[in-house]
Number of protein chains: 2
Amino acid sequence: MTEKQEKILNAALDLFAHEGFKATSTSKVAKKAGVSEGLIFRHFENKEGLLQAIIQQGEEKIKVLFADIVLETDPKEVLRKTLQIGQKMNQNEADAAFWKLQYKIKWELEIYGEHKVEPLERALTVALEKLGYDDPLQEARILMYAFDGMTTRFYLQDDFDIQTPVEYLWKKYDL
Amino acid sequence: MTEKQEKILNAALDLFAHEGFKATSTSKVAKKAGVSEGLIFRHFENKEGLLQAIIQQGEEKIKVLFADIVLETDPKEVLRKTLQIGQKMNQNEADAAFWKLQYKIKWELEIYGEHKVEPLERALTVALEKLGYDDPLQEARILMYAFDGMTTRFYLQDDFDIQTPVEYLWKKYDL
DNA sequence: GTCATTAGTGAGTGATCACTTACAAATGTA
DNA sequence: TACATTTGTAAGTGATCACTCACTAATGAC
């Protein structure tokens, strides 16, 4: 990966996240990255390839994000770490743009990518089973739906306070 | 509202919902509606105006959807009716496309439109208070986040089974 | 040092975009 | 019937789109 290749990816990530994939022109990406437009097509073949390269990074980043949780054996710690994912996703501006794009792109591509969250689903199910829930899989899924809903709000609603609902869930699950 | 005006709106709704706003050209809308492209601009001024007309319809439809719930006084019935919204939203293809667009458009416009769901939030809060929840507002919000997360999955994941989680919540709230 | 490969440029390309304009058909009103 | 207004069309418009091409600069292998 050359320096200019990375500059293209970073510029594309930022623009796709904030303006949308379809709404971002390749000329805009090139300008922001400080390279000629032709170079994008040399390295990524076409605009779709550029997007796929970013999504590819996403697959790896999500594994890293979940790795810590999947290995955890203490059930309450699994829940605690899950509720802390939101903070991890938005530690800095680059990460925030990255994860926002992951949420945003779902609707432009019309693909949820459920396999990506499956490891988390399994970890949560095991944890909730240990904690004595009757239907741990359904409870895990409801928690994940709520998390997705909260995250959506966080990215779309400027003044959204994510702290309060997270703390509420913290209390609710007695963590 | 002339016949052709409605045809334009319906064609636009369908295309915007399935292809996206930015990705849908005005010529495509005209072709699908069976009118000349110029007529779109005569009636709706520009492409943005066409979208706004659809969103306007959304504001009214959401009020109708919630009206029944807001007037309900029995707390459990409020919860039951809330969980049944999902079915109401997808009674027929036109409705499904309409509500899908409402979800989809949020990410293209980057606006959540929290005022639209406020009446439901209030109704749920009152209901959960009556049922003795410590923090009924937070509980109401978590339920709404979960609902949003479920609906997102429903629209993006072809084989998503919305029935099971709804039934789980039904049991959980003892309805 | 030579030569093949890769990285990078910048000026194109046709296609498509949202939108305009000039004009005709339909409709309402007296 | 006369005429003003609204509804509708078809053929444009310049701008912008994703992408290509001919070319040069840099790098690596021997």
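A note on names: the letters A, B, ... follow the listed sequences, proteins ahead of strands, and every chain is numbered from 1. Hydrogens, waters and symmetry mates play no part in the numbers below; they use all other heavy atoms, side chains included.
If you measure from atom CG of L39(B) to atom P of dA11(D), you get 16 Å, rounded to the nearest angstrom. One interatomic measurement links the two molecules: CG of N46(B) to C1' of dC17(C), which rounds to 14 Å at whole-angstrom precision. Summarising the geometry, the separation between CZ on R42(B) and P on dT5(D) is reported as 14 Å, rounded to the nearest angstrom. Remark: P of dG8(C) and NZ of K7(A) are 11 Å apart, rounded to the nearest angstrom. When the P atom of dA26(D) is taken as reference, atom CD of E3(A) falls 14 Å away, rounded to whole Å. Between the CD1 atom of I40(B) and the P atom of dT9(D) there is a distance of 10 Å, given to the nearest Å. Atom pair I8(B):CD1 and dT7(D):P shows a separation of 11 Å (rounding to whole Å applied).
Within the 4.0 Å cut-off from OP1 or OP2 of dG8(C), not a single side-chain nitrogen or oxygen of K4(A) is found. Between T2(A) and dG8(C), a side-chain N or O to OP1/OP2 separation shorter than 4.0 Å is present. Note on H43(B): every side-chain N or O is 4.0 Å or more away from OP1 and OP2 of dT6(D).
Side-chain N or O atoms of K130(A) include one that pairs as donor or acceptor with a backbone N or O of T73(A) at under 3.5 Å. Looking only at distances, no side-chain donor or acceptor of H43(B) sits under 3.5 Å from a matching main-chain atom of L39(B).
The cationic group of K100(A) does not satisfy the cation-pi geometry with F154(A), failing either the under 6.0 Å distance to the six-membered ring centre or the 45° limit from the ring axis. Remark: K63(A) fails to qualify as a cation-pi partner of F66(A) under the 6.0 Å distance and 45° angle criteria applied to the six-membered ring.
E121(A) pairs by the side-chain contact (heavy atoms from CB on, under 4.5 Å) definition with T125(A), L137(A), R141(A), M144(A), not counting sequence neighbours. For E114(A), the side-chain contact (heavy atoms from CB on, under 4.5 Å) criterion is met by Y112(A), R153(B), Q157(B), D159(B), not counting sequence neighbours.
Of the candidate nucleotides dA18(D), dG8(C), dC19(C), dC19(C) has the atom lying nearest to any side-chain atom of E37(B). When each of dA7(C), dA18(C), dT20(D) is scored by its nearest atom to the side-chain atoms of F41(B), the top-ranked nucleotide is dA18(C). When distances are taken from the side chain of K47(B) to each of dG8(D), dG8(C), dA18(C), the shortest belongs to dA18(C).
Taking a 4.0 Å limit (strictly below) on heavy-atom distances, residues 17-36 of chain B reaches DNA chain C at T24(B), S25(B), T26(B), S27(B).
You'll find the side chain of Y103(A) reaches within 4.5 Å of the side chain of M89(A), heavy atoms only.
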